[in-house]
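Just so it is clear, the structure is predicted and the values come from calculations on it, not from any experiment. Letters A, B, ... are given to chains in the order of the sequence lines, protein chains preceding strands, and every chain is numbered from 1.
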Amino acid sequence: MVFLDHLSYAIGGFRLNGLTLRIEPGEYFVLLGPPGAGKSILMECACGLRPVQAGRIVIGGVDVTDREPRARGIGYVPQDYALFPHKTVRGNIGFGLIPRRLSGRELARQVEAAAEVLGIGHLLERRIGGLSGGERQRVAIARALVVQPTVLLLDEPVSALDESTRRAVCGELRTLHDRLQLTTIHISHNQQEAFSVADRAGVLFDGTLVQVDTLGNLLRKPCDERVAQFMCCENIFAGRAASPEGSSGGSWIESGPLRIQIRCACQGDVRFLVRPENVQIVPAETAGKPPHAVTRGRLRQIQDYGAYCRVVVDGGPDLVAYISPALVAQHDLRPGSDVWAVIHPDAVQLLPPRQVTGRTGADGQAN
Amino acid sequence: MTAPAPAARPVGGLTGHLMRAVFQLLCLAFVGFVVLLLVGDALYVDGQAIRTVWTAPYVRNALWMSTWTSLVTVAISLVFAIPVGYVLSRHSFPGRSWVDAIVDLPIVFPPLVAGLTLLVFFTQTGLGRWIEDVGFRFVFQPKGIVLCQFLISASYAVRAAKVGFDGVDRRMEHVALTLGHSEWSVFRRVSLPLARNGIIAGAIMTWARAFGTFGPLLIFVGSFRGRTEVLSTTIFLEQSVGRLDVALVIALLLIGMALLALVGIRFLDRNASLGP
């Protein structure tokens, strides 16, 4: 278990603001945030590489706040791996075993065991300079694992890899985690990466942990607009909500020409979001106005991403929808096609008023 | 038959051509000037002068004196340069920029001033006289040669060591700390080996500078034949008695040594840029 309890740290104009986060034993946790949010600084504080100014760091039930980095039980894999160029793969992996004064045979056995776990047994005598990005990453993880840490900390572990290698390596990281059941904290600025590995994730902005939740909830129930934008929600609008007299629940939001029904009752100015995959597109020629249609407009753009097509409906404010390529082909949709945009009331999520910083509860869950 | 490849089209237009031509001309002029001087020196010496230098006992003594004093200077410089370079590279403390500047000060010292400063310290100040009185004699002694060389050249070793440590990725040290190593162990097993090329380059520069030191020696230790005479002072003595050809042979010897040092540094730089 990792427990960061009201952690504060300031450097220059940057500040970690009384950050609290609890990560359960054996959990794969991804810390998300844009570059400059303070993810790496937070992890360096956890490692003891930066002295915290307030708060506690508890790892495996032990308060390690005042301990040296070497006594915290953390296996740290920094960005770009920081392998030792003057040592071979064997020398790198075995580096953490030197202070343990093991016999040569035992040291070699443990190094070879760690290398086998990562599938790099054949690379042990190679120099670091000749390794590929994926091989370097495996060496760095083996080096961190060989000391049998309580928690594995991966700082942007796949950011230096190309897209296809990244996907493969993320799958391997998850498999490795499932095999070892080691508490893992993985830092990333890429939410797609988080989806492929995480049990839970937290989103950090400007030194503040804004929301901690499952990936599904971060995607569908972002606590504020920044999280929604970070999770690639493109349909965020401002509007005015009103409940018709005599209605027994539910309201309407008007945002320019859009008129959208929602489930809950509310009044006044609101901001709301609709995830692109929840916007349905119905060709106008094939049907009359469908239920829950919010606007009729022309397709301005169609981008084919293989698994889905991203279309933009020019319906007042631009409305983005992800639809199946089969639908595009079936109705021969193309820029200029006349379509209805349909949004079910359940798909609309109201956002809290804009705020400068978010808050995180003492249990690591966002309020 | 394949068509001849079209000539590579120059980029940059007329002003670009003109700029490149002027710059290359200036480069050629500078290199030509240095080579011309060396060739002039080489043409002036003859076989007789070389034989004199080869056989004269005082030249051999001076060569030996230059060699051992400069090597001792390098060793002492490294003892200071490695920790000072590490501190300047890694630690921040009040007055750090002042310390950084003072470390560089001997590089810009006029050499004669360095000798004069040492002479005044050891003959005119209480502490200096006390050091001499308790038996650590430097003035007009071979030990003084080492002190002069150290003052003039140690800064190069410090600067090079600092640059070497600056080039070591801090994250490697951080990882090593989390892997169970103490700060001393990280320094010994990570920082020092990775800064090695910079430190060696600094040692070579220090040696070259120490080997050629002249001005401060003349003031602080004099040039007593067989006792405090080094190669650079031999050149001075030989040309002052009119044996310019002998002086030039020794000068060419010094230039050759310096050239070797430069080649060594280039070799280290190339190895560093090629990576591990």
Let's go through B:Phe138 and B:Phe220 carefully: what are the C-alpha distance in whole Å and the side-chain angles of both, what is the deciding distance for ring-ring contact (aromatic ring centres under 6.0 Å, His included) to 0.1 Å, and is it a yes or a no? CA-CA 8 Å; B:Phe138 291 101; B:Phe220 188 56; 7.2 Å; no
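- A salt bridge links A:Arg138 with A:Glu172: the distance from a Lys NZ or Arg NE/NH1/NH2 to an Asp or Glu carboxylate oxygen falls below 4.0 Å.
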Under the side-chain hydrogen bond (donor to acceptor under 3.5 Å, both in side chains) criterion, do B:Glu173 and B:Ser191 qualify, and how do the steps go? CA-CA 7 Å; B:Glu173 295 171 347; B:Ser191 316; 2.7 Å; yes
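- Contacts of A:Arg143 with chain B are made by both backbone and side-chain atoms, with heavy-atom separations under 4.5 Å.
- Of the two parts of A:Leu83, only the backbone, made up of N, CA, C and O, holds a non-hydrogen atom closer than 4.5 Å to a non-hydrogen atom of chain B.
- In this structure, the portion of A:Ile74 lying under 4.5 Å from any heavy atom of chain B is its backbone and not its side chain.
- For the residue pair B:Asp166 / B:Ser89, a side-chain donor-acceptor distance below 3.5 Å is found, with atom types taken as modelled.
- Remark: A:Arg136 is not positioned above the aromatic ring of A:Tyr81, lacking an NZ or CZ atom under 6.0 angstrom from the ring centre and at most 45 degrees off the axis.
- Proximity to chain B (any heavy atom under 4.5 Å) is shown, for A:Asp155, by neither the backbone nor the side chain.
- Remark: aromatic rings of A:Phe29 and A:His186 are distant, center separation not under 6.0 Å.
- Contact annotation for B:Thr178: both backbone and side-chain heavy atoms come within less than 4.5 Å of a heavy atom of chain A.
- Of the two parts of B:Arg196, neither the backbone nor the side chain holds a non-hydrogen atom closer than 4.5 Å to a non-hydrogen atom of chain A.
- With a 4.5 angstrom heavy-atom cutoff, B:Leu194 touches chain A only via side-chain atoms.
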